[in-house]
Protein chains: 2
Amino acid sequence: MNDNGHILIVDDQREICDLVQEYLSGEGYRVSTAQDGTGMRKVMAQSPVDLVILDLMLPGEDGLTLARSLRQESTVGIIILTGRGEIVDRIIGLEMGADDYLPKPFHLRELLARVKSVMRRASSTAADKQSTPSRSKARFAGWNLDLSSRELFSPSGKEVRLTTGEFDLLSAFVNNANQVLTRDRLLDLARNREAGPFDRTIDVQVGRLRRKLEDDPQRPTMIKTVRGTGYIFTPPVDVN
Amino acid sequence: MNDNGHILIVDDQREICDLVQEYLSGEGYRVSTAQDGTGMRKVMAQSPVDLVILDLMLPGEDGLTLARSLRQESTVGIIILTGRGEIVDRIIGLEMGADDYLPKPFHLRELLARVKSVMRRASSTAADKQSTPSRSKARFAGWNLDLSSRELFSPSGKEVRLTTGEFDLLSAFVNNANQVLTRDRLLDLARNREAGPFDRTIDVQVGRLRRKLEDDPQRPTMIKTVRGTGYIFTPPVDVN
DNA sequence: CGTTTTGTGTAAGATTTTGTAACTATATGT
DNA sequence: ACATATAGTTACAAAATCTTACACAAAACG
């Protein structure tokens, strides 16, 4: 099963989320779900989304508002779901920048057709996306570090809270991946200060980071020790 | 269907609002409604309006007063609705700064014609608007901060009242999003004063803001602490 | 005007984060 | 294998931040 793209379903009805998720997963898409605007933002912060399927009727922030703010902040595809006969919503929805709409109830095959169509269009305009790399994120070994919001997400999508010091140190590693970094250099990068003669600060902090990042902190695979010199961050990093 | 603009109908008769809304929506406009002056301000605080269709007979604040205050505060288009034969009102209305007027009852087609005409004129003077970004608003993470009226709306659209100090601090953050700000700088931005040596003012005020803004004030996602330095406001902000 | 309410800064205690030091574990050279 | 250097781990103390309570000031109210 190849990865056709990442789709996010935003609907407060669990059953609909589950149903659609199951179906689209079977078609080779990676599918996330959220129940409201807040959840939607969380998912989008963690990993890039290609297409949002958005119910208009949501608790809290309503779907139209969400659609508009999505459009302003990104070039993600949007398909709007709306109750039967709410033609007004349809029109407004499309005005708000949705790429397509679908009245409920709908056939899954019908949804799939629209998903495909929007995805096709989106990929043809993908060139634009690159031109606006405003909010930088770094990805490595399934992990996701948002350098603007200072948040880290594990491969399973959970947020892992980092202290200021841990974040600064990890940033230093990520921005200088695949290079051996001395303790001196790390202290400079992460703390803007000089190292004293017996300064073990970095060692301790590396230990703390490893406990949060590594599967087996005793046998680290990402932050490796370079005996006699310092440390090196080994995973390939994709910066956004 | 493209977005021809945002129209706000202010009339205390629901039927009229609904009727006009449906019709104009069908013509490709985004349409909101309000029943009185208070409602009108709420809508305008939340999203920019291009044209207000205003009934002269309203409960509370009357239409003429509203029209005048609208004109003073913005360059929004105004069409006034007036009962039959109230010619005096017509004249006064136009003097007050309305762009057009329409006696009730009216045909929807007639209204549409005037809407189009006012919108056309408005867009030709749109250049001016840009040079006068007087009523600026900021949106972030679903929240909506009106910098002119000093009002804050939550993602669900509810108003959250801020004290002067809280508003000034939030403004400072919003206008300097995604940068680490020292307490000194924040005190300067928000209070125009210098920080004393043990000044914890900003800390306390940040705490108060977090209680109003954050889902979980203990684990803030918007106003993050940068230990040893200050704070950073992390959500992407779009200013209007 | 006096009274009440609301907002703001200060101070003190609680909590979290960080650095240091002591001890343990591991690697390296002989 | 042993000695030694280097790194990892843990516990604790110091520093920074967060929270709460309170006092005073300003504003709103009657």
Side-chain angles (χ1 to χ4, degrees), chain A residues 150 152 160-173 180-234, chain B residues 150 152 160-172 180-233:
Chain A
R150 307 174 71 93
L152 174 69
V160 173
R161 297 211 309 148
L162 295 180
T163 67
T164 307
E166 288 160 356
F167 173 83
D168 290 342
L169 181 58
L170 181 54
S171 290
F173 275 126
V180 179
L181 300 168
T182 62
R183 295 180 173 71
D184 251 14
R185 181 113 180 76
L186 283 168
L187 213 46
D188 182 37
L189 287 167
R191 301 292 147 88
N192 281 72
R193 65 178 183 124
E194 298 292 312
F198 296 103
D199 206 324
R200 307 286 310 284
T201 303
I202 290 296
D203 300 54
V204 176
Q205 205 68 306
V206 164
R208 289 177 177 143
L209 252 186
R210 279 173 173 163
R211 255 177 279 162
K212 294 191 177 181
L213 287 181
E214 303 275 4
D215 286 335
D216 180 356
Q218 318 272 5
R219 273 171 214 72
T221 62
M222 296 198 251
I223 304 177
K224 292 222 164 106
T225 304
V226 181
R227 194 185 169 86
T229 316
Y231 299 91
I232 183 171
F233 188 75
T234 62
Chain B
R150 305 175 69 90
L152 175 68
V160 172
R161 298 201 338 149
L162 293 180
T163 67
T164 313
E166 288 161 355
F167 174 83
D168 289 342
L169 181 57
L170 181 54
S171 291
V180 178
L181 300 170
T182 62
R183 295 182 172 71
D184 253 15
R185 182 116 181 73
L186 284 168
L187 213 46
D188 182 36
L189 288 168
R191 301 292 146 88
N192 282 70
R193 67 180 179 114
E194 297 291 312
F198 296 103
D199 207 323
R200 298 248 79 73
T201 302
I202 289 296
D203 301 52
V204 176
Q205 206 68 308
V206 164
R208 302 210 240 252
L209 253 185
R210 279 174 174 162
R211 254 177 281 161
K212 294 192 177 181
L213 287 181
E214 303 275 4
D215 285 337
D216 180 356
Q218 316 271 3
R219 278 176 205 70
T221 62
M222 296 199 251
I223 305 178
K224 292 229 160 109
T225 304
V226 182
R227 177 177 242 255
T229 315
Y231 299 90
I232 183 173
F233 188 74

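Each chain gets a letter, A, B and so on, in the order its sequence line appears, and its residues count up from 1.
Among residues two or more places apart in sequence or in another chain, the side chain to side chain contact (heavy atoms under 4.5 Å, CB included) test is passed with Arg219(A) by Asp216(A). Residues passing the side chain to side chain contact (heavy atoms under 4.5 Å, CB included) test with Glu166(B) are Leu162(B), Thr163(B), Arg208(B), Leu209(B), Lys212(B), sequence neighbours excluded.
Residue Val204(A) is classed as a base contact, given a heavy-atom separation below 4.0 Å to a base. Tyr231(A) comes within 4.0 angstrom of sugar-phosphate atoms only, judged by non-hydrogen atoms across all strands, and of no base.
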With 3.5 Å as the limit, what N/O pairs link the protein to nucleotides 12-15 of chain D?
unit_1	atom_1	unit_2	atom_2	d
dA15(D)	N3	Arg227(B)	NH2	3.4

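Near-neighbour residues of DNA chain D inside residues 182-190 of chain A, defined by a heavy atom below 4.0 Å, number-ordered: Arg183(A). Residues from residues 213-222 of chain A placing a heavy atom under 4.0 Å of any atom in DNA chain D, listed by number, are Gln218(A).
Checking Val226(A) against Arg211(A), the closest nucleotide of DNA chain D that is more toward the 5' end is the one next to Val226(A).
Residues Thr182(B) and Asp184(B) have side chains that never bring a donor and an acceptor to within less than 3.5 angstrom of each other.
Note on Arg191(A): a side-chain N or O is less than 4.0 Å away from OP1 or OP2 of dG19(C). Phosphate proximity of dT6(D) to Thr225(A): absent, as no side-chain N or O sits under 4.0 Å from OP1 or OP2. Side-chain nitrogen and oxygen atoms of Thr163(A) include at least one within less than 4.0 Å of the OP1 or OP2 phosphate oxygen of dT18(C). For the pair Thr201(B) and dT8(C), the criterion of a side-chain N or O lying under 4.0 Å from OP1 or OP2 is not met. Checking the phosphate oxygens (OP1, OP2) of dT17(D), a side-chain nitrogen or oxygen of Arg200(B) falls inside 4.0 Å. At dG8(D), one or more side-chain N or O atoms of Arg210(A) fall inside 4.0 Å of OP1 or OP2 (strictly under the cut-off).
Of the charged side-chain nitrogens involved, at least one lies within less than 4.0 Å of a carboxylate oxygen, so that Arg183(A) and Asp203(A) count as a salt-bridged pair.
Recorded end-axis angle for the helix from dC1(C)-dG30(D) to dT30(C)-dA1(D) stands at 30°, based on five pairs per end and rounded to 10 degrees.
Using a 4.5 Å heavy-atom threshold, the side chains of Thr164(A) and Thr229(B) count as separate.
For Asp203(A) and dA5(D), the CG to C1' distance is 13 Å, given to the nearest whole Å. For Phe198(B) and dT10(C), the CZ to P distance is 13 Å, given to the nearest whole Å. Look at CD on Gln205(B): it is 13 Å from C1' on dT6(C), rounded to the nearest Å.
Here the side chain of Thr234(A) pairs a donor or acceptor atom with the backbone of Met222(A) at under 3.5 angstrom.
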